[in-house]
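Here is the structure we will look at, set down as structure tokens.
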Amino acid sequence: MGKFNIILFFFAPLISFGQRLTIVKDTISANGDSVVVTATRSERKLSNITVPVTIINAKTIQQNGALRLTDILKEQTGLTMTSGFGAGVQLQGLNPDYTIILINGEPLVGRTAGVLDLNRIALGNIKKIEIVKGPSSSLYGSEAMAGVINIITDALTSIPLEAALRYGTYNTIDANLNNTMASKKLFYQGFYNYYNTDGYSIRPNSNNRVTTPITRLTSSQQFKYNLTENTNLVFNTRLTDEKIISNIAVSNGGVTIYSNGKEHNTDINLTGSLNHRFSNDLKTSFRSYLTNYVSNQDLLTLSGAPYTDLLNHLFQRVENQTDWMVSKKLTGIFGAGAVWEGVKSSRYDSEKVRKNNTIQYGFTQWEWTLMDKFIVIGGVRFDQNASYASAWSPKLSMLYKLNSQHKIKLSIGQGFKAPDFRQLYLDFTNAAAGNYSVFGSAEAQKVIGQLNSLGQIGSLYSSYYQLKSLQPESSTGVHLSWDWEPNPKTFISVQAFRNDIKNLIEVQQVGAYSSGAQIFSYLNIGRAYTQGLELETKYQWSPQWSLSGGYQFILTGDKDQIAEIKAGTVYTRDANGISSRLSLSDYVGLPNISKHKAQFKINYATQDGYFANCRLVYRSKWAVNNTNGNEVYDSGDSFAAGYLSMYSSAGKNFSNGISLQMGCDNMTNYVDANNLSNLPGRTFYFSIKYQLINKNK
Amino acid sequence: MKKLFTQTILATLVAFTLFACSKTSDTTVVNNTPVTATVKDLMADTVLGLDAKTGMPYSAGKYTFYSIENNTIVSNADSATTKWDLAFASTKILINGGTSGTGKGGAFIYKGLFEDIKTIAPDSVFKTDNAPTAYAITTGSGKGWYTYDGANNLITPIAGRILVIKTASGKYAKLEIQSYYKGGVTLSPTASDADKLTKQRYYTFRFTYQPNGTTTF
């Protein structure tokens with residue numbers, strides 16, 4: 001705790017800069033006045049947003065006892081957490097690769113196998129999280145194919161000092177310090193988080209920890225300086241540092257190799273922006289951003305053989321965005337920018353050489369209010385780059401307010417995901433499992449050609465000759481939603497969506513070594529779809545009690561596989577190994593997708609600060625493994641069982657600034673070691689928070 | 001049945017008329033009824049243990065020879081004869097022909113269902129073994145009769161893959177491999193490592209053999 005005393009000591013003189021306290025109303029009808037920035041890249045009232053948006057506010061995060069981004073996202077309608085390479089988020093049936101994660105509008109990098117581990121993100125200084133569903137590349141470019149998750153930190157908090165400490169099962173400690181100060185010209189906010197857990201083991205008869213001991217530190221600072229009334233400078237820093245101790249047992253052919261490893265991940269984000277308002281109708285913003293994610297895995301096998309794995313992803317961007325209100329009814333935004341990006345990895349040909357890519361892009365969006373009832377937004381973005389084909393991303397969305405109760409939204413947009421560095425440059429041979437190799441498409445022909453001239457290649461497949469410059473994966477999404485507020489206490493939203501995805505990049509065998517070991521590379525071969533329905537409801541039962549719930553039904557499929565099944569060329573096996581023709585009704589679509597997902601929350605909160613809630617999250621079964629010897633997922637394959645998990649928390653916010661809270665996660669102690677490594681058994685926690693409230697209100 | 005029987009008699013008579021000169025003392029009654037059988041847990045060079053030094057599994061390194069015609073295992077002493085039709089060792093299956101044997105054996109892999117093969121298409125090409133690079137029953141994951149799942153360390157027969165076989169004596173059979181694991185059921189991905197090691201290399205397959213030398217089953 002010494003560390004925190006020092007920090008407290010350092011900031012104590014600054015605390016006197018306290019600011020006014022504002023109370024944000026959190027009733028259902030007040031949500032329409034919430035401001036959303038992610039949907040249009042400009043501040044808009046939620047009631048005028050033309051695309052599906054979910055807002056999670058700080059109060060919900062606090063009441064749920066959520067610490068990391070995963071904790072809160074898993075309880076949102078239509079969002080599913082994935083395990084493997086960290087905790088990723090599946091949105092509208094698309095894998096974590098296809099959702100861009102932003103902090104204050106700037107993207108996070110450092111994905112492993114396409115997954116950005118959302119446990120990297122501490123929630124202690126979050127003002128709100130905005131989730132835009134559906135393709136949004138018209139504003140955000142690559143990765144915004146399934147949607148956008150934007151984490152907005154608390155720039156305007158009024159609390160000069162807040163300190164929180166939480167202790168829970170598995171020696172999980174989470175300590176937060178928030179500190180703000182403000183004068184007329186200068187505003188400062190600092191956030192420090194320390195997180196430590198011993199990890200846990202949920203495998204029976206095994207000492208192997210499913211989640212290994214982790215220590216994470218996060219610090220973030222935000223400085224805002226008002227040069228003039230219309231001009232300001234903003235400077236943000238964020239640092240996360242994560243240390244993981246992993247004692248891994250790898251079994252191969254009945255032999256188990258134990259290794260002791262250390263993993264060290266750091267993530268640095270620096271943002272600087274100059275914002276100027278020329279007039280009420282015209283403003284511009286210059287932003288520069290630098291982020292560097294460095295992951296270092298150092299495994300020492302007990303046989304003494306070292307194994308290191310390095311990933312270093314550097315991303316730099318400059319951007320200008322200008323907002324111009326032509327008239328009360330017409331607003332346009334223009335943006336242009338450039339990205340310099342590079343990755344060094346021990347899984348490429350040399351970990352010393354950074355593979356680089358540059359991107360230039362421009363976008364524009366026009367918002368036209370035809371009448372108070374009818375808003376149309378159209379936009380387009382063009383991304384051009386050195387390493388793969390360029391992309392146009394248009395989007396059109398509209399909102400029609402039938403009356404004060406009913407709103408209809410329709411949006412059609414295109415999203416894309418650029419081939420990532422792994423798909424372009426991977427140069428990986430798995431010595432632990434059969435010596436197979438995977439080569440990124442940019443270098444596969446060169447590398448395999450060299451191997452061939454050395455006589456190491458046994459055969460080349462026709463797919464080898466199809467290797468060419470990768471295209472971005474792209475999707476076209478259509479969303480229709482209907483929002484209904486029959487009275488100020490009730491909100492109902494029904495949404496239908498469909499995404500058609502093409503040019504999916506898939507791993508394909510392109511040849512074999514003379515030894516017979518396989519050689520893989522990446523090709524644009526897949527076509528798929530996801531479609532579904534979402535239902536969200538909120539009901540303020542009484543001033544104290546509120547209920548909310550959500551449900552998603554989703555169907556997915558690989559279009560090529562469906563065509564093959566219809567042609568009668570896909571087979572399946574029964575338990576005795578007898579083949580039969582697969583019928584379309586036995587096809588389950590894409591793996592890891594649950595057809596049904598639902599959650600329900602009952603919340604109690606009083607004026608004098610007591611609060612309690614109980615949450616249920618349900619997910620139906622999902623296909624995990626192709627076990628019956630065909631390449632499609634069908635009812636004969638192995639599934640993870642559907643499950644219901646339950647969470648609860650209660651606490652009291654005292655008027656002197658102290659808050660106490662206790663909670664229990666996964667109350668029914670549901671575990672599935674093979675398929676849900678991110679879900680520990682039942683855990684308890686207790687937390688205490690102190691907010692220094694400025695009484696000079 | 002009666003009609004079929006008459007046809008068979010006629011066909012046999014025609015055949016006898018045609019080959020009467022060369023086949024003077026052939027007294028074998030030609031059986032025209034295809035034989036269908038299921039073979040369970042045929043050991044195919046099963047794992048004997050783990051090498052103390054390398055930790056790698058080891059086995060005797062011997063093929064199991066099988067006669068489709070007689071539906072029986074053939075002694076290893078007869079490996080140089082035409083008594084066997086197929087030889088199994090781990091995932092590799094040899095036919096009695098080409099570099100593997102002295103017989104007329106051959107095979108190809110048909111994509112479809114066992115029941116779909118009523119007659120072998122006239123344009124079918126039976127491949128023979130050409131060790132060590134090419135085998136009539138293609139080796140390797142995804143290329144022949146099985147896929148290997150490296151993550152779970154499991155061999156799964158590919159659904160809808162039928163081995164169409166020419167026996168050592170030049171007759172025809174169709175064969176479907178049902179399982180590579182003891183007990184005839186592919187292990188679950190969550191099975192223990194010990195089971196995955198010791199229960200593998202046990203073939204369960206079904207076949208239909210046409211003893212009359214025609215390509216119709």
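Keep in mind the model is a prediction, meaning the values are calculated, not measured. So that the names make sense, note that chain A is the first sequence line, chain B the second, and so on, each numbered from 1.
Neither the backbone nor the side chain of B:Ser179 comes within contact range of chain A; no heavy atoms are under 4.5 Å apart.
If you tally non-hydrogen atom pairs under 4.5 Å between each of B:Ala194, B:Gly140, B:Ser192, B:Gly112 and chain A, the highest count goes to B:Gly112. Of the residues considered (B:Leu154, B:Thr204, B:Thr186, B:Ile177), B:Ile177 shows the highest number of contacts with chain A, using heavy-atom pairs under 4.5 Å.
Atom OG in A:Ser580 sits 9.0 Å away from atom CD in B:Glu115 (nearest 0.5 Å). How far CD1 of B:Ile162 is from OH of A:Tyr571: 9.0 Å, rounded to the nearest 0.5 Å. Interatomic distance, OG1 of B:Thr38 versus CD1 of A:Ile578, reported as 6.5 Å (0.5 Å rounding).
Here the side chains of A:Arg581 and B:Leu113 are in contact, with some heavy-atom distance below 4.5 Å.
Here the shortest heavy-atom pairing between A:Ser638 and B:Pro189 reads OG-CG, 4.2 Å. Among all heavy-atom pairs drawn from A:Ala575 and B:Val185, the shortest one is O-CG2, 3.8 Å. Nearest heavy atom pair, residue A:Tyr461 against residue B:Lys143, reads OH-CD, 2.8 Å.
Within 6.0 Å of NZ on B:Lys199 lie no more than 12 heavy atoms contributed by other residues, nucleotides or ligands. Atom NZ of A:Lys559 has more than 12 neighbouring heavy atoms from other residues, nucleotides or ligands inside a 6.0 Å radius.
Between the A:Arg573 side chain and the B:Thr156 main chain, no donor and acceptor come within less than 3.5 Å of each other.
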